[in-house]
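I have placed the structure first, in the form of structure tokens, so that the comments after it can refer back to it.
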Protein chains: 2
Amino acid sequence: MAMRTDTNPTLADKLAAAIADGILNGRLPPGERLDEVGLAEQHGVSRTPVREALRQLAMSGLIDMRPRKGAIVSKATPEEIESLFVAMAEMEATCARLAAMSMTPIERRRLQARHESMVALAKTGETEAYSDANVAFHSAIYAGAHNAPLAEYAMSLRRRVGPFRRAQFRMDGRLLRSNQEHDAVVRAILSGDAAGAHAAMIHHVSLVEDAFEAFAAINAA
Amino acid sequence: MAMRTDTNPTLADKLAAAIADGILNGRLPPGERLDEVGLAEQHGVSRTPVREALRQLAMSGLIDMRPRKGAIVSKATPEEIESLFVAMAEMEATCARLAAMSMTPIERRRLQARHESMVALAKTGETEAYSDANVAFHSAIYAGAHNAPLAEYAMSLRRRVGPFRRAQFRMDGRLLRSNQEHDAVVRAILSGDAAGAHAAMIHHVSLVEDAFEAFAAINAA
DNA sequence: CGCGCCCGAATTGCATGCAATTTTACCCGA
DNA sequence: TCGGGTAAAATTGCATGCAATTCGGGCGCG
């Protein structure tokens, strides 16, 4: 999925980024209607680039478009959300397995350093900083797989589940536990244990999912 | 990646399908320039839906767009093609593993029947029919994973490598060998052997890749 | 009170037009 | 002959306009 990143982006590209940002940080919740003229006026442009941006976002799965019915922020059933989490877990695990096999010594050292720097954040409970570092940590593993299509899809899935997993790290003890799981992943990758890296990562991401389920259940009540 | 399938598709959707078809069956080879006015006239429409279709295809990876520079059919370096094949192998293997764990008895029986019907085609060397059945076979495994995002991405990767793997089955003995490998995959899936299904599928798809490499090498010479 | 229908407003789909950038062709000089 | 520069042509990016479909509200009827 060749994301269009360019120093000279078109309006449609900028709009797509802006709308995606709105979805990811929750300003546009799942189910929200995406009106073409509204978005156009809001960004001071015509409908044409807005339509192109929406089409782009539709292919990424962030929004749903139905011919002549307009676009909405993707709203998933619990089953579909479950599928997204499973898919993400599988992609992360696949990247971890490939990373264990093909990361360079330098990449391995950097991954370890990154992981160790997160220990402090976990202990002091700095959720904000930990969350950012967590994204970087996982991204480093995607990159370590040395496979652009898989890395891009893993990243895209991570973004897609974003709107459904807000406030995850607030749950008690989540930071420390996450960090412990990272430790298992890192050890497996560093030692070149492909199967172990796969298993550890699946375990890690699945627990994140469990945390989500619990959170969702609380919210539903 | 929510592919837009509707009984009432817009012009842009139909155009995207038509262009994708042209790319997949080789009428539009990698590197081919995709001129907006040319495509518009060729299909008897204006540039607007063409542009929307191109944006859609760009997100799927089938074409490359650069702002103000136009669109071309994706042309990959050998390394990128290699990455695509590895990614496809991993996705197929992941689907096979999940299928081994979660296919219903009915799905398993159907998969077996499908596989057995392909034995005859392999023996008589009906490459055309075998090729079609092969796509259906792999699609059945995607579906058996019971995970829409993974299945869609696997399918999308299969399409994306299409332009680079033409005439694969023409290679001597390829059909019979493919069929034998399918046998290993099917046996593992039917017996619920997740790890075995994963390994057998990786093996199968990697050999397909080898065949491609050989083919590409011959063509380059 | 509920249900179907019709009409107006709102919204999407597509064509057309224009400005801006890129590409191509050509000319000139070295 | 080759390289550089300029101007015309081609192509993309975006705005605007119009037709068609969908959505919403009010009305009449049962």
Side-chain angles (χ1 to χ4, degrees), chain A residues 2-23 28-75, chain B residues 2-23 28-75:
Chain A
M3 183 68 65
R4 290 159 48 96
T5 55
D6 196 292
T7 56
N8 197 0
T10 67
L11 266 187
D13 289 322
K14 289 191 260 184
L15 286 172
I19 297 169
D21 191 61
I23 296 174
L28 299 172
E32 179 90 351
R33 186 106 199 284
L34 295 170
D35 176 53
E36 294 180 2
V37 296
L39 290 169
E41 290 175 357
Q42 182 178 335
H43 291 85
V45 299
S46 84
R47 283 176 48 223
T48 307
V50 171
R51 286 178 58 81
E52 294 180 1
L54 289 182
R55 232 158 223 290
Q56 193 165 327
L57 292 172
M59 287 303 287
S60 82
L62 270 181
I63 73 174
D64 278 355
M65 292 183 79
R66 283 178 20 215
R68 292 159 224 290
K69 298 281 195 65
I72 62 168
V73 178
S74 282
K75 185 173 57 178
Chain B
M3 182 70 62
R4 290 158 49 96
T5 56
D6 196 290
T7 57
N8 196 2
T10 66
L11 266 186
D13 289 322
K14 289 190 259 186
L15 286 172
I19 297 169
D21 191 60
I23 295 174
L28 298 172
E32 178 92 349
R33 185 104 200 287
L34 295 170
D35 176 55
E36 293 180 2
V37 296
L39 290 170
E41 289 174 357
Q42 182 178 335
H43 291 85
V45 299
S46 84
R47 283 175 49 221
T48 307
V50 172
R51 285 178 59 82
E52 294 181 1
L54 289 183
R55 234 158 221 291
Q56 194 165 326
L57 293 171
M59 286 304 287
S60 83
L62 270 181
I63 74 174
D64 278 353
M65 292 184 79
R66 286 183 12 219
R68 294 159 225 289
K69 297 283 197 64
I72 63 168
V73 178
S74 283
K75 186 172 58 176

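Every chain is numbered from 1 and lettered A, B, ... according to where its sequence line falls, protein lines coming before strand lines.
Partner of B:Arg47 under the salt bridge (Lys or Arg N to Asp or Glu O under 4.0 Å) criterion, chosen from B:Glu36, B:Glu41, B:Glu52: B:Glu36. In summary, of the residues considered (A:Leu15, A:Leu34, A:Val45), a side-chain contact (heavy atoms from CB on, under 4.5 Å) with A:Leu39 occurs for A:Leu34 alone.
Note that CG of B:Leu54 is 11.5 Å distant from CG of B:Leu62, once rounded to the nearest 0.5 Å. Atom-to-atom distance recorded for B:Lys75:NZ and B:Ile63:CD1 is 14.5 Å, nearest 0.5 angstrom.
Under a 4.0 Å N-O distance rule, the pair B:Asp13/A:Arg55 qualifies as a salt bridge.
Regarding B:Asn8, its CG atom lies at a distance of 15 Å from the P atom of C:dT12, rounded to whole Å. Straight-line distance from the CE atom of B:Met65 to the C1' atom of C:dT21: 15 Å, rounded to whole Å. Distance B:Leu15 CG to C:dC14 P: 8 Å, rounded to the nearest Å. The separation between B:Lys69 atom NZ and D:dG13 atom C1' is 15 Å, rounded to whole Å. At whole-Å resolution of the value, CG in A:Leu11 and C1' in D:dC14 are 7 Å apart. Between the NE2 atom of B:His43 and the C1' atom of C:dA15 there is a distance of 17 Å, given to the nearest Å. Put simply, CD on A:Glu36 is 11 Å from P on C:dC14, counting in whole angstrom units. Counting to the nearest Å, the C1' atom of D:dT12 and the CG atom of A:Asp13 are 13 Å from each other.
In this model, the phosphate group of C:dT16 is not approached by any side-chain N or O of B:Arg47 to a distance below 4.0 Å at OP1 or OP2. Listed pair B:Arg51 / D:dG13 meets the phosphate criterion, a side-chain N or O lying under 4.0 Å from OP1 or OP2.
Across the interface with DNA chain C, nearest-nucleotide mapping of B:Arg68 and A:Val37 shows A:Val37 to be the residue nearer the 5′ end. Nearest-nucleotide assignment on DNA chain D puts the 5′-proximal partner with B:Arg33, out of B:Thr48 and B:Arg33.
For A:Pro67, the listed nucleotide lying nearest its side chain is C:dG13; candidates were C:dT22, C:dT11, C:dG13. When distances run from any side-chain atom of B:Thr10 to the nucleotides C:dC14, C:dA15, C:dT11, the shortest one goes to C:dC14.
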